[in-house]
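Everything on this sheet refers to the single structure shown next.
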Amino acid sequence: MSTPQLSEQEQVRRQSLEEIRKLGIDPYPAAMYPVNTTAAEILAGFSDTEDKFPEVCLAGRIMSRRIMGNASFAELMDSSGRIQIYVRRDDLCPGEDKTLYNTLFKKLLDIGDIIGVRGFAFRTQMGEITVHVKELTLLSKSLRPLPIVKEKDGVMYDAVTDPEMRYRQRYVDLIINPEVREVFRKRTLVMRSMRELFDSRSYLEVETPVLQAIPGGAAARPFVTHHNALDIPLYLRIADELYLKRLIVGGYDGVYEFAKDFRNEGMDRMHNPEFTVLEIYVAYKDYNWMMEFTEEIMSKVAMDLHGTTKVPLGDNIIEYAGPYRRVSMTDAIKEYAGIDITGMSEDDLRHECDRMGIGHSPSMGAGKLIDLIFGEKCEHHFIQPTFIIDYPQETSPLTKKHRSRAGLTERFELMVNGKEVANAYSELNDPIDQLERFHEQMRLSQKGDDEAMFIDMDFVRALEYGMPPTSGMGIGIDRLTMFMTNQQSIQDVLFFPQMRPEGQKPL
RNA sequence: CGGUCUGUAGCUCAGCUGGCAGAGCAGCUGACUCUUAAUCAGCGGGUCCAGGGUUCGAGUCCCUGCAGACCGACCA
């Protein structure tokens, strides 16, 4: 292992560590610390007329220090926020020995160290609620200087904005940027809000395989790995759809899973190789029911996060209260591309793409071309939540044929801010039709479509035993979180977004 | 994969037509018992992303590479 050159400040901190040990103080004590409150609790509950916090014990990280001879102020940050502490020499060291204040607190502690304090809350002459410290315990010595961010009147000074630092060292980002912690708290709330709704209906949260011998349920390039004992290739799942439907066959009326899916494709502001999808399947429902349920989910999530269904996103306010507009794929293309694709052949569609300057390849069939026109000309217009319904059969191999419109399927996607956030079907449960659709995918694959679906014969076998009419939906949790927290990049809603490994740079 | 931009102290950044490497915060020493971007006096701290080239001389100009951001392409 190479020994990277330590900076001056790192060397000083290591020396301090040794001196702390020489004082007989353990810089990394094992014993639990008896925290009995938080910064936020004190700030919220403090009263000038009654002594509500005569004995507090809290712990956190030193974020700033103002040392003035024999008394000092510092800011302590715990998971709830920051509070000022007041440390006076003669309170910390009532006896003759002033080492704890003069040496430990003033010299050997640094910004970033984690300490515990015991004392009482009071209000300073300047009006700030503060903890007067009677007893101080070092809980963890920090050896690496933290980026210093100062703030006055809401203005941040020297804020760390370098995305590389923020994403590679997310722990630092979380320490110094409280609004980042809030985004991730909201991400958890999004999932909790959905769980509450599903559980209230007695739908069952389940787990299905991440390692799959046949990567099914979506059209995407998978990651491949190898299982040594079985000596077979295994794929990281691109979707959990086919397993969840097997469970509907097995007799559950409603199942859902928050799944990490993996796709070996491009990375950009909207895509990360691993991402989270909620999939839910409910027996005896169709896609019309699912649209109403989706409206209920979205407005509940918005309410739980913001207390309103109106959520700001970029320059817009998104209204998540239903009902949402429903536009068929055909009408959307009529409206924004100005053409009627009804009854058009593959050649006609290819011709229209050429006319509109949309690039396409020979391996694309009619359905893919329609998808392309929609993506190019229509998608970005749908800012407010809108259901795009009735997709072509060719690109929807797991979807039931439309009950009344030939060549189309009972499928919808929910568009928000010009992007897809949900995708749902009346699930195809006719095993003979399903097998035929898989074969159609095979033909597309042979034509050069490298993300056409694999045939999963066990899934067909399951359908042969009989699956009730079912509606299913997937929601992109990362994207939904972006929209609900007004973030413009998927990297801002993933704790640890995928990045190129760090090179030879010394850490 | 292509275009544009960026990389200098722990952090945020300056450094002009090439001429001794800079500031604020942070750190260190000292003063200060109600400060809050604390203040005051003093002091240290650099592989200027890496490698090569041009030049008497390169942080600065040129080439290659590495890493990142943005925009496209591919891709849900």
Side-chain angles (χ1 to χ4, degrees), chain A residues 4-13 15-16 63-75 82-92 101 106-107 110-112 122-130 132 142-169 172 175-176 218-221 238-239 261 263-273 275 277 359-361 368 371-372 374-375 379 395 413 415 419-423 449-451 474 476 478-479 488-491 497 499-506:
Chain A
Q5 195 62 44
L6 293 178
S7 73
E8 184 192 25
Q9 294 193 43
E10 288 171 295
Q11 291 173 28
V12 168
R13 286 186 180 218
Q15 279 162 22
S16 298
M63 295 305 285
S64 69
R65 296 195 303 164
R66 295 178 283 279
I67 294 175
M68 310 163 306
N70 294 326
S72 303
F73 290 92
E75 264 185 308
R82 295 186 182 204
I83 190 165
Q84 180 170 262
I85 62 173
Y86 178 55
V87 184
R88 200 159 62 178
R89 185 192 65 188
D90 295 337
D91 290 318
L92 200 60
Y101 180 81
K106 280 173 74 176
K107 304 261 188 245
D110 291 288
I111 288 173
F122 74 111
R123 191 185 287 278
T124 65
Q125 286 167 19
M126 299 300 289
E128 181 152 349
I129 297 163
T130 300
H132 189 127
S142 164
L143 295 182
R144 202 177 267 264
L146 209 54
I148 302 298
V149 180
K150 295 202 173 185
E151 176 267 332
K152 180 172 173 75
D153 302 330
V155 183
M156 303 300 281
Y157 296 83
D158 301 335
V160 174
T161 53
D162 175 21
E164 184 170 6
M165 160 79 116
R166 290 192 44 229
Y167 300 149
R168 285 199 198 279
Q169 299 186 53
V172 174
I175 292 168
I176 63 183
R221 270 190 289 270
I238 56 175
D261 291 346
R263 297 187 185 177
N264 204 342
E265 291 167 350
M267 291 162 57
D268 58 31
R269 213 167 57 253
M270 301 298 289
H271 300 90
N272 194 70
F275 58 102
V277 177
H360 54 89
S361 74
K368 195 95 186 181
D371 226 33
L372 207 60
F374 178 81
E379 195 174 57
T395 48
E413 290 193 357
M415 312 296 302
K419 296 277 191 303
E420 174 203 341
V421 287
N423 181 17
D449 185 345
D450 58 356
E451 50 172 49
D478 311 291
R479 239 174 238 198
Q488 66 282 42
S489 167
I490 196 169
Q491 297 178 107
M499 301 198 66
R500 198 174 257 111
E502 285 183 276
Q504 305 284 19
K505 273 190 298 184

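Here is the naming used below: chain letters follow the sequence lines, and residue numbers restart at 1 for every chain.
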Legend entry - A/Y167: ring-ring contact (aromatic ring centres under 6.0 Å, His included) partners, not counting sequence neighbours: none
N/O-N/O pairs, protein side and nucleotides 4-6 of chain B side, under 3.5 Å:
none

Inset, instruction - Using side-chain contact (heavy atoms from CB on, under 4.5 Å) as the criterion, list what pairs up with A/N272, not counting sequence neighbours. - result: A/E274, A/I490, A/L494, A/P497, A/Q498
Legend entry - With sequence neighbours excluded, residues passing side chain to side chain donor-acceptor pair (under 3.5 Å) with A/D90: A/K98
Inset, instruction - Only counting residues at least two apart or in another chain, list the ones meeting ring-ring contact (aromatic ring centres under 6.0 Å, His included) with A/H271. - result: none
Legend entry - Partner residues of A/I148 under the side-chain contact (heavy atoms from CB on, under 4.5 Å) criterion, sequence neighbours left out: A/I111, A/K150
Inset, instruction - Sequence neighbours left out, what passes ring-ring contact (aromatic ring centres under 6.0 Å, His included) with A/F275? Give chain and number order. - result: none
Below 3.5 Å between N/O atoms, which protein atoms pair up with nucleotides 24-27 of chain B? Just atom names and distances, please.
residue : atom : partner : partner atom : Å
B/rG24  : N2   : A/D158  : OD2          : 3.2
B/rC25  : O3'  : A/K150  : NZ           : 3.0
B/rA26  : OP1  : A/K150  : NZ           : 2.8
B/rA26  : N3   : A/Q9    : NE2          : 2.9
B/rG27  : O4'  : A/Q9    : OE1          : 3.4

Inset, instruction - Could you pull out all residues at least two apart from A/F122 that satisfy ring-ring contact (aromatic ring centres under 6.0 Å, His included)? - result: A/Y86, A/H132
Inset, instruction - Answer with yes or no whether A/Q84 presents, from its side chain, a donor or acceptor under 3.5 Å of a partner atom in the base of B/rU35. - result: yes
Dump every N/O contact between nucleotides 69-71 of chain B and the protein below 3.5 Å, one line per pair.
residue : atom : partner : partner atom : Å
B/rC71  : OP1  : A/R269  : NH1          : 3.0
B/rC71  : OP2  : A/R269  : NH1          : 2.9

Inset, instruction - Could I get the full list of side-chain contact (heavy atoms from CB on, under 4.5 Å) partners for A/E128, not counting sequence neighbours? - result: A/Q84, A/T124, A/T130
Inset, instruction - Please identify each residue that fulfils side-chain contact (heavy atoms from CB on, under 4.5 Å) with A/E413, with sequence neighbours left out. - result: A/Y391, A/R411, A/M415, A/E420, A/N423
Legend entry - Between B/rC25 and B/rA50 - C1' atom distance, rounded Å: 29 Å
Legend entry - Phosphate-side-chain proximity, A/R221 and B/rC75, N/O vs OP1/OP2 below 4.0 Å: no
